[in-house]
Amino acid sequence: MSDKNQDLHAMRHSLAHIMATAVTKLWPEAKLGVGPVVENGFYYDIDVPKVTISESDFKIIEKEMYKVINAKQPFERSLMSVDKAIAWAKSSHQPYKEELLNDLKRAGTTVAKDLDADTLGIATDEKSKIDEVSFYQNGDFTDLCRGPHVASTDKVGAFKLMRIAGAYWRGKDTNPQMQRLYGVAFATKEELAAHLTMLEEAKKRDHRKLGVELDLFLFSDLVGSGLPLFTPRGTVLREELTNYSNQLRESRGFAKVWVPHMTKTDLYKASGHWAKFGDELFLVKSQETSDELVLKPMNCPHHTRIFASKQRSYRDMPIRYLETTTVYRDEKSGELGGLNRVRSITQDDSHVFCRPDQIETEIDGLLASAHELYSAVGMKLRVRLSYRDESDAYLGDKKLWEQAQKQLKAAVISNKLDYFEEEGEAAFYGPKIDFMATDAIGREHQLATVQLDFVQPERFELEYIDQGGKPAQPVMIHCALLGSIERFLSVYIEHTAGSFPVWVAPEQVRISSVNQEDSTLEFVKKLEDEAIKHGLRVHVDNDNDSVGKKIRNAEKARVPYMLVVGVKEIETGEVTPRIRNDLQVQEPSSMQYQNFFKSVANEAKSRVSKSSL
RNA sequence: GCCGAAGUAGCUCAGUGGUAGAGCGGCUGUUUUGUAAACAGCGGGUCGCAGGUUCAAAUCCUGUCUUCGGCUCCA
């Protein structure tokens, strides 16, 4: 950590301390939990019995904090033995601190993983030997805290309280819930202002906001939470992306299949999903039969039925199925949000049934497809090899797991992918390769995945006849390139800020007339027909608006190309396209309109990210 | 699920117990527009939904649905 960062860290730490000072002053019965530094700021978990602090209290809390700051109280650090500290916590009625200290004492020389080193006043490098914990005092307020703190309360830079939220004590939902007060803090007012501006900018990209502005999707109270509806424009996005994903896989020998969206529970009891995902399933009740049905939460068990419908020879392998289809999962209501987490999830799903010796080739092809797709959408890919850990949450033979994990790694290495390995991230039925895509503002998202599966072939007793004429068990490879279309779109909309490349853009060309003269309207119609002839998504704006207004509207809709059409164009037959800023590489020149549409159609076909005009 | 906040016109929002508002969008008319907002007029809301309190409820109370923030982030 640089000196500057250390200073900033001490400031934020001190602010958490000062916030605790203020809250304790306002509500003397407040019980303090933990108050660490986080990215861009700090928080403190506080439990005030019978009082609910709300954001409207921020003013008085901030006012109280400024009182402390303006008093320029020095922070005085002191050390105390753990036993003395426990006595302190008891006498000052701080049960949460007392609990932490007791756990610390019980843990002896090793600190339990979930203990908060910051709050306990333990330096990381001292973890193995803890006899004393540190306290900081300012004025008449003392708090257990590791620090570091700044020298006095006035040296804390600029801050702002941001929000308040419930947080379980030590992250366990069986524990009491405390109130977490968040603040952001920076060394200078200017940096704080810049941060707040940045947050505003990020808000502008929010796919939920753009979804409304660009008329892409919506939610209806009557339909239900987590169940998005897509408008014509939004559906273009879905179709363009899934067509591409399907095309990439069909060119590698995948055949489309189709399965119904509900099934008997027996299928998931056989697959092993019932035990794991039972409470996430939507139950469907038949009024005609006694069938217990559910909406499908995944497609693989269905696809195994198709595979198992015939006897397969080693010569038939691999068998590759692809289906872009919607699955339904009853997520916890509080976890739903925009398109990122929904209850109707459309996957560009595919399953390969292959011989063990074909694994590497199959994975190679899928990795190459993922690479191509993510290049086209302009996102950098990093790969996570997700392995099992030592827990018993996984099904299947451990030796098979180890073998599978090695094969995944080999394929990733031979594809020269940037990768890292992580234990405990695997699916319960096998290890996987997760693709982490980086968006335009540097956030990383997990989207595509390739997963190996030795468990379902066993559970469903899948087999093929090997070269020696004996039955053998195939390996299953699950793969989704986009992952879930909904989540992909939430990321992609924010990645592009709604400015989609020509091939994805719901509206590719807008033709705006300068006036409503018959001659103009006729020529506009001629242009529209030409665009349609080239398969372009074109809109005509013949409204009685000023040219300036029409341009503004087209810009707001993020239309890649706009043509303004009047007498000049009619006379010459030439158009000068207005190119959306992010696509433009050079000043556009005028050209015959036939050539213009031809070029745009080519750009869409080859999925380029910049304009060639 | 839990804690907190919120839901008023298509969108963004004002309105704290006494006749529901603004801007933008929409529609109509005037204008016939040349590269980021012409002018005028007119529509448009059971104030999320259901109960309750009150002479009177967008406003107060209860329930419910929906949305947002958080519950993982810590040297």
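Sequence lines set the chain letters: A, B, ... in the order given, protein chains first and strands last, and positions in each chain run from 1. What you see is a predicted model; the values in this text were computed from it and never measured.
Pairing for B:C60 goes to B:G52, judged as Watson-Crick or G-U wobble with the two contacts each under 3.5 Å. Base pairing of B:U66 is made with B:A6, judged by Watson-Crick or G-U wobble geometry with both donor-acceptor distances under 3.5 Å. Nucleotide B:U72 forms no Watson-Crick or G-U wobble pair with any nucleotide shown, as no partner meets the under 3.5 Å limit on both distances. With a 3.5 Å ceiling on both atom-pair distances, the Watson-Crick or G-U wobble partner of B:C42 is B:G26. In this entry B:G17 has no Watson-Crick or G-U wobble partner, no candidate having both defining distances under 3.5 Å. B:G34: no Watson-Crick or G-U partner with both key distances under 3.5 Å is found in any strand.
Distances shown here put a side-chain N or O of A:Tyr182 below 4.0 Å from the OP1 or OP2 atom of B:C71. Dashed line: the shortest gap from a side-chain N or O of A:Arg208 to OP1 or OP2 of B:C68 is under 4.0 Å.
Rounded to an integer number of Å, the gap from A:Arg163 CZ to B:U67 P is 19 Å. The CG-P distance, from A:Asn542 to B:U32, rounds to 17 Å in whole Å. Rounded to a whole Å, the NZ atom of A:Lys550 is 13 Å from the C1' atom of B:A38. Rounded to whole Å, the distance from CZ on A:Arg341 to C1' on B:G69 is 16 Å. Rounded to whole angstrom, the span from the CG atom of A:Asp45 across to the P atom of B:G70 amounts to 14 Å. Rounded to an integer number of Å, the gap from A:Leu336 CG to B:C71 P is 16 Å. The interatomic distance linking A:Lys332 (NZ) with B:U67 (P) rounds to 17 Å, in whole Å. One atom, CG of A:Asn40, and another, P of B:C74, lie 13 Å apart when rounded to the nearest Å.
When ring centroids are compared, A:Tyr136 and A:His13 stay outside the 6.0 Å threshold.
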What pairs of nitrogen or oxygen atoms, one from the protein and one from nucleotides 35-37 of chain B, lie under 3.5 Å apart?
residue, atom, partner, partner atom, Å
B:U35, O2', A:Arg578, NH1, 3.2
B:U35, O2, A:Arg578, NH1, 3.2
B:A36, N7, A:Arg578, NH2, 3.4
B:A36, N6, A:Glu555, OE1, 3.2
B:A37, N7, A:Arg552, NE, 3.4
B:A37, N7, A:Arg552, NH1, 3.1
B:A37, N7, A:Arg552, NH2, 3.4
B:A37, N6, A:Arg552, NH2, 2.4
B:A37, N1, A:Arg552, NH2, 3.0

N/O donor to acceptor pairs below 3.5 angstrom from side-chain atoms of residues 216-230 of chain A, sequence neighbours left out:
residue, atom, partner, partner atom, Å
A:Ser220, OG, A:Leu222, N, 3.1
A:Ser220, OG, A:Val223, N, 3.4

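Around atom NZ of A:Lys63, no more than 12 heavy atoms belonging to other residues, nucleotides or ligands sit under 6.0 Å away.
Side-chain atoms of A:Glu517 and base atoms of B:U32 include no donor and acceptor less than 3.5 Å apart.
Under the 3.5 Å distance criterion, with hydrogens and angles disregarded, a donor-acceptor pair is assigned to the side chains of A:Arg384 and A:Ser386.
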Under 4.0 Å protein heavy-atom contacts per nucleotide of nucleotides 8-13 of chain B, with B for base, S for backbone only and - for none: ------
